[in-house]
Amino acid sequence: ASQVVKEAEACELAGNIVQAGALYTTAADNGHARAQWQLGYAYEDGLLGLKIDIEMALMWFKKAAAGGGNIFSRDAQFRLGKAHEFGELI
């Protein structure tokens, strides 16, 4: 999945955001915490050609948060805490 994330990053830098989103989704579906975090962020802010969808953002942040002690998991935990604070997560 790490190679797929590298490809997604390259697509994103090249401006091919739809392909980047598809590649991040592939990696995220295979348990890659960075890709899960990226999709959470993308759904939260309407990036990578995705429409804002808080429920999808929260789903991906939950998956990333469960992924372990890496920086993306910790940031996802923080974002879930903020969502709970602001009533977006019950």
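- Side chain of D53 to main chain of E55: a donor-acceptor pair is present (N/O by atom type, distance under 3.5 Å, no hydrogens or angles).
- The closest side-chain heavy-atom distance from E12 to L48 is below 4.5 Å.
- Taking CD1 of I52 as the reference point, atom OH of Y43 lies at 12.5 Å (rounded to 0.5 Å).
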Run R34 and E9 through salt bridge (charged side-chain N to carboxylate O under 4.0 Å, His left out) and show every step you take.
CA-CA 11 Å; R34 191 243 190 257; E9 291 169 345; 3.1 Å; yes
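- Across all non-hydrogen atoms, the minimal contact from A27 to A35 is CB-CB, 3.6 Å.
- The shortest distance between side-chain heavy atoms of L39 and L50 falls below 4.5 Å.
- Judged by distance alone, the side chain of Q19 and the main-chain N or O of C11 form no donor-acceptor pair under 3.5 Å.
- A side chain to side chain contact (heavy atoms under 4.5 Å, CB included) with Q36 holds for exactly one of Y24, W60, F61; it is W60.
- Here the CZ atom belonging to R74 is positioned 13.0 Å from the CH2 atom belonging to W37, to the nearest 0.5 angstrom.
- A donor-acceptor pair under 3.5 Å links the side-chain atoms of N30 to the main chain of T26, judged by distance alone.
- Taking CG from L58 and NZ from K63, the interatomic distance works out to 13.0 Å, rounded to the nearest 0.5 Å.
- A pairwise comparison of heavy atoms in G40 and A57 identifies O-CB, 3.3 Å as the closest pair.
- Between atom CG of residue L80 and atom NZ of residue K62 there is a gap of 7.0 Å, rounded to the nearest 0.5 Å.
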